[in-house]
Amino acid sequence: MQSATMSTTKHKGLLELTRTLLLQQTMTSLLETLTQVIQTAGIAEAVTLVLFDNNSERVSFYGIDPHHQPVSYEDETLLATGPVHALLKNPKTQVWRSEALHLRYPQLAALNLYPVFTDYCLVPLLASSGLLGGCEFTRQHATPFSEEDKNGLYDLCTLAAIAVEQIQLRENALLQQSLLRHERDDFRILVDITNAVLSKLDLDELTGEIAKTIHHFFHINAISIVLCDADKDSEQASVYATHYVQTHVAEREQSRMSLDGSLEQQVMKNGEMLLTNVRAAEEPDDESTLFQLLWRDQTKTLCILPLRFGHKTLGVLKLAQCQPDNFNSANLRVLQQIAERIAIAVDNALAYQEIKSLKEKLQHENLYLTEQINSNNPDFSDIVGRSSSMSAVLKQVEIVAKSDCSVLILGETGTGKELIARAIHNLGDRRDQRMVKMNCAAMPAGLMESDLFGHEKGSFTGATAQRMGRFELADKGTLFLDEVGEIPVELQPKLLRILQEQEFERVGGNKLISVDVRMIAATNRDLRQMVADKEFRSDLYYRLNVFPIVIPPLRERPEDIPQLVKFLTYKIAKRMKRTIDSIPAETLRLLSRMPWPGNVRELENVIERAVLLTRGTVLDLQLPELNYPLPVSQPVPVASAPDIAPAPHLSEEDERERILQVLKETNGVVAGPRGAAQRLGLKRTTLLSRMKKLGIAAH
């Protein structure tokens, strides 16, 4: 009866012990419970757990130090090759005296994980899933572990193994739940970032949205997108930086940097993420001014991730943080996935930017081509004139056309400077490229810089989009600047720079744009005098005046006028769908004697009106109806006398011509103190009679 009672008591104690062990939630609480059990039973003073990792050679150590604080340790070599390693081949209880154990495994003493002991016992932890590891027991009273002690410890470890397996299953389940939560959160971040960036096609908006989203999720201080230039040989890159000095207060900056020898270049070449600390004294000289100003004297952790899409390396995503704990393994994994999506968005934005630029370029090209078509596409064949002065000009054109040097065309207004410029272009090696024209006198000074060099979006009020300037449109071709003397003095240094360096920056931009443009300039002003008056820069003048061509005015080459009249009459009549068969010789002689202050342009206007007024097939030039002065010499004063007829030695033709000239000077007024009769020394009635006889209409 007493034996049965003892058996029942022992069974109840075993059940209570099992329940107690299985209630433990962590390895530390299990270890504390086991320690209390063995100390109460007087079997040992200390307990430790050495557990295998199923996925590696690593083992985990759990113990309690003399101050009753838990000790946790992981090792891949020292513990894994200790006494517990023998359990893999022979899972049996091991008993050691301290001297023998330390002699066999000297590394255990070096770890300083165990309290001082005299005897050591290692019992395998066997569960349904296999060998979990071992449970170590140590004594300090120099009494070896007996067979009875070993059997009791083995029974205890059988229960402990179940508890260890249960805790591991629970911890693994919690770990999996945590991983799933992280994956869910990471997925949400990736979805949010993808939705935020893929809808942005403007590069400025895209980089700003990237910075905003990354700061929102990761609280990173400085976010930069560094994009290398499209030119593969270029060592320059554009930097779009955003800095958060205060929460949700962003400072944005765009700059240029050299990639040569930089961390960014290193990441672009090897395609691997870089994580490094940078002290204030180690900051590169080309780091942005705003970056140095905001994060001065602070050690920063830099995370630089490559932006690769397909086989292209677009640049890097550069993150800077003054609190290095933000960059952990979990965050870095997500940031790498974010960089992959950013690369797609950046590639889309760059493609959109290129398409937009090409579209704008085509629109501008169409505009300039339309202008050229509307101006009848003048060619070298449209230059009419065989006088010696014009022949000299054409020889100069042939000489300079084959070179790329700057040409300055000088001449009065209306002399045909644009025709000469186009002839130079058409006879040169750039004939298959565009000749872009700009009339500087017709362009408001405030818009001239933008029109010449282009502008970036937002560079000034009304700049709602990026715009290409005329220098970019003329790349590989010719730029003709008419009335170059009208360019404002403040804009002249920028024009000089592009002539010297063949590169410039758009208004509001900081990216150097290289072009290959041949410059032809024209002016009707005296640039030398403007230089003397400080109205035109001398260095720009000398740069433009490499090969000057002076076009003579029409009054200095009257022998060209008959040919010009015939050419213009045919051209204008054809345009108006009229037929003009002949031009009276008298008309040609009269036109050749006029001074033409407006030169060929004025002559063309006169011919156009004459063609318009002609009712037959013979050009009818009705000069009295036109307001063009005739080149008459000053009249010889004649004493006023009644009915004094014109000098008898004049022929009717000369007399008629003289009367027409005077009528022109008096705007057709016959009578009065300033009338034609007074100037000719005739009475009004006499003059009217002579006019009727000579076929001159009175007005």
Side-chain angles (χ1 to χ4, degrees), residues 190-214 223-242 252-257 259 264-265 267-269 271 304-319 335-367 434 453-459 463-469 471-473 475-476 503-515:
L190 291 176
V191 169
D192 288 346
I193 287 184
T194 301
N195 292 336
V197 302
L198 288 183
S199 61
K200 304 295 181 183
L201 292 175
D202 181 84
L203 204 54
D204 291 337
E205 293 181 5
L206 172 64
T207 52
E209 194 66 29
I210 288 171
K212 177 182 176 182
T213 311
I214 290 178
I223 302 103
S224 300
I225 302 289
V226 181
L227 301 178
C228 48
D229 290 347
D231 184 0
K232 294 181 179 179
D233 298 327
S234 175
E235 292 289 340
Q236 297 293 312
S238 299
V239 182
Y240 301 83
T242 305
R252 298 196 64 194
E253 178 187 38
Q254 287 189 30
S255 60
R256 298 279 292 168
M257 69 169 290
L259 292 173
E264 289 83 352
Q265 186 182 57
V267 172
M268 288 182 197
K269 285 184 176 180
I304 305 178
L305 302 108
L307 296 178
R308 292 182 59 85
F309 180 67
H311 300 291
K312 296 182 291 185
T313 300
L314 307 174
V316 298
L317 170 63
K318 180 180 177 183
L319 308 173
L335 287 171
Q336 286 177 305
Q337 294 175 311
I338 289 173
E340 293 173 1
R341 284 152 178 81
I342 289 175
I344 299 173
V346 167
D347 187 70
N348 287 343
L350 290 173
Y352 172 76
Q353 181 175 295
E354 183 177 1
I355 293 170
K356 185 179 178 182
S357 176
L358 289 172
K359 180 181 177 182
E360 181 185 356
K361 190 172 184 179
L362 286 172
Q363 289 174 341
H364 282 81
E365 286 179 7
N366 182 57
L367 173 64
R434 291 178 300 278
F453 306 107
H455 62 252
E456 299 291 347
K457 179 182 177 182
S459 56
T464 57
Q466 185 188 76
R467 187 179 188 275
M468 186 178 295
F471 269 105
E472 284 180 85
L473 287 170
D475 189 25
K476 303 294 186 297
E503 61 183 19
F504 65 96
E505 297 173 358
R506 293 194 185 111
V507 176
N510 53 23
K511 178 182 178 182
L512 283 177
I513 299 173
S514 297
V515 290

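Residue numbers start at 1 and run along the sequence shown. Being a predicted model, the structure only gives us computed values, none of them experimental.
With rounding to the nearest 0.5 angstrom, the CD atom of Q236 is 11.5 Å from the SG atom of C228. Here CE of M468 is found 11.5 Å from NE2 of H455. Values are rounded to the nearest 0.5 Å. Separating the OG1 atom in T313 from the CE atom in M268 is a distance of 8.0 Å, to the nearest 0.5 Å. Distance CZ/R506 to CD/E472: 4.0 Å, rounded to 0.5 Å.
The two atoms that bring L259 and Q265 nearest to each other are O-CB, 3.1 Å, heavy atoms only. Scanning all heavy atoms of the two residues, the minimum distance from L203 to A349 falls at CD1-CB, 3.8 Å. In terms of heavy atoms, S238 sits closest to D229 at OG-OD1, 4.2 Å. In terms of heavy-atom proximity, R308 sits nearest to G271 at CD-CA, 4.4 Å.
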E456 vs V507, test: side chain to side chain contact (heavy atoms under 4.5 Å, CB included). Steps then yes/no. CA-CA 6 Å; E456 299 291 347; V507 176; over 6 Å; no
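Within the 4.5 Å cutoff, the side chain of L307 has heavy atoms near those of the I225 side chain. Considering only heavy atoms from C-beta on, V239 stays 4.5 Å or farther from R256 through its side chain. Taking 4.5 Å as the limit, every side-chain heavy atom of T242 sits out of range of all side-chain heavy atoms of K212.
Considering I338, I342, V267, L317 as possible partners of L305, the one that fulfils the side-chain contact (heavy atoms from CB on, under 4.5 Å) test is L317.
A donor-acceptor pair under 3.5 Å is formed between the side chain of R252 and the backbone N or O of D204. Between the side chain of R434 and the main chain of L473, a donor-acceptor pair closer than 3.5 Å is present.
F453 and F471 have parallel rings, their planes meeting at less than 30° on a 0 to 90° scale where 60° marks the start of perpendicular.
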